Amino acid sequence: MDAFTTHSGTVLPLRRSNVDTDQIIPAVYLKRVTRTGFEDGLFGAWRNDPEFVLNNPAHAGASILVAGPDFGTGSSREHAVWALMDHGFTAVLSPRFADIFRGNAGKAGLLAAQVDQDVVERLWALAEQEPAAEVTVDLRTCEVRAGDVTAPFLIDDYTRFRLLNGLDDIAITLSHDDEISRYEAARPSWTPVTLVN
Amino acid sequence: MGRTLAEKVWDAHVVRSADGEPDLLYIDLHLIHEVTSPQAFDGLRLSGRRVRRPDLTLATEDHNVPTVDVEAPIADPVSRTQVETLRKNAAEFGVRLHPLGDVEQGIVHVVGPQLGLTQPGMTIVCGDSHTSTHGAFGALAFGIGTSEVEHVLATQTLQQTRPRTMAVTVNGSLTEGVTAKDLILTLISRTGTGGGQGYVVEYRGQAIEELSMEGRMTVCNMSIEWGAKAGLIAPDRTTLDYLAGRPEAPRGDDWDAAVASWTTLVTDDDAAYDAEIVIDASEVTPFVTWGTNPGQGVPLGASVPAPEDFVTDSDRQAAQKALDYMGLTAGTPMREIAVDTVFVGSCTNGRIEDLRLAAEVLEGRRVASGTRLLVVPGSVRVRLQAEAEGLDKVFLESGAEWRGAGCSMCLGMNPDQLAPGERSASTSNRNFEGRQGKGGRTHLVSVPVAAATAVAGHLAAPSDLSAGV
Ligand code: SF4
């Protein structure tokens, strides 16, 4: 996982609350056998509507999704996070995230930053008036900055530590490699193996 | 103070333990199959990681595979892609795979034990919730998600929070014609589907000790259906007799060393469980489900319950919803419910002993007209053993279909499915809405009840059948 310190990009203003994971990626898109390539499924049903904000060329290339409260509720599918990242999103800002979504995001390296509703409103207004406006999310200071807006965001300490250092769960475990190797060396010789070396 | 069996196995696998962090647990055996592994392998590839211990990993194809024409390419393109992806990943990462057509192919939870890879005191995981099956050997075995599959592939460990322990003590003996399946269905109907939440459960007591390994696997298999993280049973003479001589079981001095270690795998007399349930085995009778979760069951001799029979509002609503879905009327005797399809198979009841029990009932009898009976062995080895014993002939002569090995109608990911509105008696483990096919209605039953139901055309026990009918 790449370390996340600060990111600057443009905002996709998603004026909706309660965006559940079935909306983020409908079940029909879950049959893929790879961990990448889920961008087609992102907001699969909503995208049929030409008015849907993701279809607005003014917001093409946006990398910061700003949504209403209760983002990522519903099914536990990790594919929701993968779809957002595959589409090019680096951060999601919302006043409230569903627990499982937030956990999955932290595992995969997508920044899920919790901000006040008024910050969301101001970022929506900014992005709608000036789609190319640059917004910065700074994980070192836990701040979002855009024009005259500077506001704090919340993220739990352990996830922040892991993101700043680019450590996924596997990387953290691998940092204990010596302990794993020590354990392995002491395993009884009769424990079964599936392959003969 | 002494420790429980589960605590002993846990402690023996802690690689690292630190305040405020979950324990890092070493995994002795990682089983994989085609459905939950592709993204995990893809994750390894994306981060340039390898499989740390391919020699502690085993893959088999089971969920998607067809059970007829197994030599032909898989017709459904999505299923075929998942199976082909597993083959590609196994080859690339050096993982042993038993593919369709291989003599060791079968349901992952049937294959591990029959190879002798499942042994007492091990930690075993798989991206499948019925991994609890392997607990029958005194192993700590549980299902994991795709991210965790990747974590185990890369590190051979898992970050896990220590669970609580529970004892289910089954006193006395099961009576004639009552099986391990009836016991576990009875237990789940008492606890509800969430009764085991947060616990590793140890099944113990006389009735458990008297079960064969197959019966113990049936019990542990369904631990997950009442919410337990895992279920396990202390190894004993029955366990050793089952393991001795299996292809991957230890031999010679290794066997002696292993047995010496395994005999320590008992709960100490002064150990304390966080919870305990006691059951009297002599009161258990053939048990069947009427609803849409495994906790909605009654004795075969009872009737479909009414929503008013339940205490809480949510149970009453759940019962009403289940009755509507199942197309049942409260008060109907369970024995009067006619079924279209009977399924004998799955990781719950697809082992050789199960097929023997089914054949015993079917011998000299005919499957009722208008009812179809699918017999699906849990593995190719089980199929070959059954054929060596002539069980296939009994099945075919009775009018049953004799199939290749796999998960089949347990979850309907392959073509073996119920049509909308069709009703089945099934020896599998889940009667969820649509589990065996969209709109399908499932009654979970034991093997003898399944076989007798196929003959009678409605839910029945072998004792309901007149001789030779
Ligand atoms: S038989 Fe059913 S429960 Fe068992 S592994 Fe296959 S699908 Fe899962």
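Just so you know, these numbers come straight off a predicted model, no measurement behind them. To find a chain, count down the sequence lines: A is the first, B the second, and so on, and within it residues start at 1.
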Stacked cation flag A/Arg16 on A/Trp46, 6.0 angstrom / 45 deg: yes
Portion of A/Asp177 that has a non-hydrogen atom of chain B nearer than 4.5 angstrom: both
Portion of B/Thr157 that has a non-hydrogen atom of chain A nearer than 4.5 angstrom: side chain
Exercise: do B/His151 and A/Thr173 side chains pair donor with acceptor under 3.5 Å: yes
Heavy-atom proximity to chain B below 4.5 Å, by part of A/Ala171: both
Side chains of B/Thr131 and B/Asp128, donor plus acceptor under 3.5 Å: no
B/Gln159 versus chain A, the contacting section by heavy-atom distance below 4.5 Å: side chain
B/Ala12 versus chain A, the contacting section by heavy-atom distance below 4.5 Å: backbone
Chain A contact via B/Leu86 - side chain, backbone, both or neither, heavy atoms under 4.5 Å: neither
Proximity breakdown for B/Ser147 and chain A, heavy-atom pairs closer than 4.5 Å: both
B/Leu24 portion near chain A, given a 4.5 angstrom heavy-atom threshold: side chain
Option among A/Asp168, A/Asp2, A/Asp169 that satisfies the salt bridge (Lys or Arg N to Asp or Glu O under 4.0 Å) test with A/Arg162: A/Asp169
Side-chain ion pair, A/Asp118 and A/Arg122, N-O less than 4.0 Å: yes
Donor + acceptor pair across side chains of B/His134, B/Thr118 (<3.5 Å): yes
Per-residue contact mode, B/Leu29 against chain A (heavy atom under 4.5 angstrom): side chain
Aromatic plane relationship, A/Phe4 with A/His7 - under 30° parallel, 30 to 60° tilted, over 60° perpendicular: tilted
Portion of B/Glu34 that has a non-hydrogen atom of chain A nearer than 4.5 angstrom: neither
Under 4.5 Å from a heavy atom of chain A, the part of B/Val14 involved: backbone
Contacting moiety of A/Arg182, where chain B heavy atoms sit under 4.5 Å: neither
B/Arg49, part contacting chain A, at a heavy-atom distance under 4.5 Å: side chain
NZ/NE/NH1/NH2 to OD/OE distance under 4.0 Å, A/Asp156 and A/Arg102: no
Geometric cation-pi criterion B/Arg45 and B/Phe41, 6.0 Å radius, 45° cone: no
Residue, of B/Met122, B/Arg251, B/Arg52, that accumulates the most heavy atom pairs under 4.5 Å with chain A: B/Arg52
